[in-house]
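Only one structure is covered here, and it is reproduced in the block below.
No experiment lies behind these values; they were computed from the predicted model shown.
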Amino acid sequence: MTFIVFLIITFIAFFVVAYRAKKNENVYKFISDQIGTVYDKVAPYSYKEIRKKVKNLKADYTPRQYITQAILFAGVASVISYLYFYSIIWSIIYALLAVSIIPYITYLRYKKVYSEFIFEQIQVYATNVIMEYQTTKSFVKALEGVYSSGVLEDPVLTDVKTMLDMAYERGQIDDSIDFMNTKYPYHIVRNMHQLFLQVTKEGARDVSGSLDNMSLDIDTLVEGVYRDRIDREQFHKQFITYGLMLYLLVAIIQLLLGQDQYLKMIELWYIQIVLHAILLSNSYFLLNGEKYYNENVGGE
């Protein structure tokens, strides 16, 4: 009990110190800024860039939402673990573990938002290059038109500029196409570039039919990707519900055995190990589901 009181007092003291240190700022904002500072120091470059773009898209959580998420994770974890072990100590430990995975969940969510953004940009890039080419009859001129049109955003906009610089510097488009294909390995990008490469080298005069078919293929692909997002959203809700229900199977065991018999049973060390294994394996199952839900969005 002394340990629990110590934790509560430490938690309260942290908020008091945080508030007094930044008395002119909202305490939620102060905590968020401190966490962000730590992230900026230890996070890999790619993560920093993704996080920056998500913030620019205004798709990041507010400090209050992060605090609410932490409270929700801690509350659910403490209740479930108490139902397993009837131990406040273990409830606190599992609550802290649940809160500790929030940065990983945030990273997955950032990747999802970023990949959706990139796919939309690639769709815009491919569609507009095809439209520009039908007017200019030149791949490089089409790239110039798309670059100056204002329909693209970074990082795709900067990469198109790199393609143009490479094309003018080397006098051919092969390296530019290889660069873009490597940076964005989407089928729509590779197929479109392959067509323009053939047209440029073989000097085909009329490719309007092929370009029209490619535009239709892009529309079909985009429709499939957005349908997949809806399916993923439905799967995600069902998966979370199913995962939480797995945690509560222990309640059925207690109903079958009776609470008194269950309390005697969990005093055995090997039963405790089994219960910890159940909790951790269920948690791993949920994290894997979150990883699947947030990855490869916009993938073909």
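Within a 6.0 Å radius of OH in Tyr284, other residues, nucleotides and ligands contribute 12 heavy atoms or fewer. Residue Phe235 places its CZ atom among more than 12 non-hydrogen atoms of other residues, nucleotides or ligands, all under 6.0 Å distant.
The structure places OG1 of Thr127 at 10.5 Å from CD1 of Ile122, a figure rounded to the nearest 0.5 Å. Atom OH in Tyr293 sits 4.0 Å away from atom NZ in Lys112 (nearest 0.5 Å). To the nearest 0.5 Å, the span separating CD on Gln134 from CE on Met131 amounts to 8.0 Å. Rounding to the nearest 0.5 Å places CD1 of Ile101 at 4.5 Å from CG of Leu287.
With contacts defined as side-chain heavy-atom distances shorter than 4.5 Å, the pair Trp90/Tyr82 does not qualify. Counting heavy atoms from C-beta outward, Lys111 and Thr106 have side chains that stay 4.5 Å or more apart. Put simply, the side chain of Ile252 reaches to within 4.5 Å of the side chain of Leu249, judged on heavy atoms. A heavy-atom distance below 4.5 Å is found between the side chains of Tyr94 and Leu279. In this structure, the side chains of Asn288 and Phe285 stay at 4.5 Å or more apart for every pair of heavy atoms. Between Glu153 and Gln121, the closest side-chain pair of non-hydrogen atoms falls below 4.5 Å. Side-chain atoms of Glu120 and Val156, non-hydrogen and from C-beta on, never get closer than 4.5 Å to each other.
Using cut-offs of 30° and 60° for the angle between ring planes, the Phe119 and Tyr186 rings count as tilted.
Between the side chains of Tyr110 and Asn294, no donor-acceptor pair of N or O atoms lies under 3.5 Å.
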Decide yes or no on side chain to side chain contact (heavy atoms under 4.5 Å, CB included) for Tyr61 and Thr68, but give the supporting numbers first.
CA-CA 10 Å; Tyr61 282 168; Thr68 303; over 6 Å; no
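Applying the side chain to side chain donor-acceptor pair (under 3.5 Å) test to every pair with at least one member in residues 172-184, sequence neighbours left out, gives these pairs: Asp159-Lys183, Asp159-Tyr184, Arg170-Asp175, Gln172-Asp175, Asp174-Lys201, Asn181-His193. The side chain to side chain donor-acceptor pair (under 3.5 Å) contacts involving residues 250-263 comprise Tyr86-Gln254, Tyr86-Gln259, where partners must be two or more places apart or lie in separate chains.
Side-chain atoms of Lys291 never come within 3.5 Å of backbone atoms of Leu286 as a donor-acceptor pair (strictly under, hydrogens ignored). In this structure, Thr158 contributes its side chain and Asp154 its backbone to no donor-acceptor pair below 3.5 Å.
Closest heavy-atom contact between Tyr247 and Ser283: OH-OG, 2.7 Å. When every heavy atom of Val113 is checked against every heavy atom of Ala59, the shortest pair comes out as CG1-CB, 3.8 Å. When all heavy atoms are compared, the tightest approach of Ala95 to Ser78 is CB-CB, 4.2 Å. Contact detail for Pro155 and Phe117: the closest heavy-atom pair is CD-CE2, 4.1 Å.
In this structure, Tyr125 has its ring center no closer than 6.0 Å to that of Tyr147. Annotation: His276 is not in aromatic contact with Tyr84 [ring centroid separation under 6.0 Å not met].
For Glu290, there are no salt bridge (charged side-chain N to carboxylate O under 4.0 Å, His left out) partners at least two apart in sequence or on another chain.
Note on Ile273 and Phe85: same hydrophobic cluster, where clusters join Ile, Leu, Val, Met, Phe, Trp and Tyr whose side-chain heavy atoms are under 4.5 Å apart, directly or indirectly.
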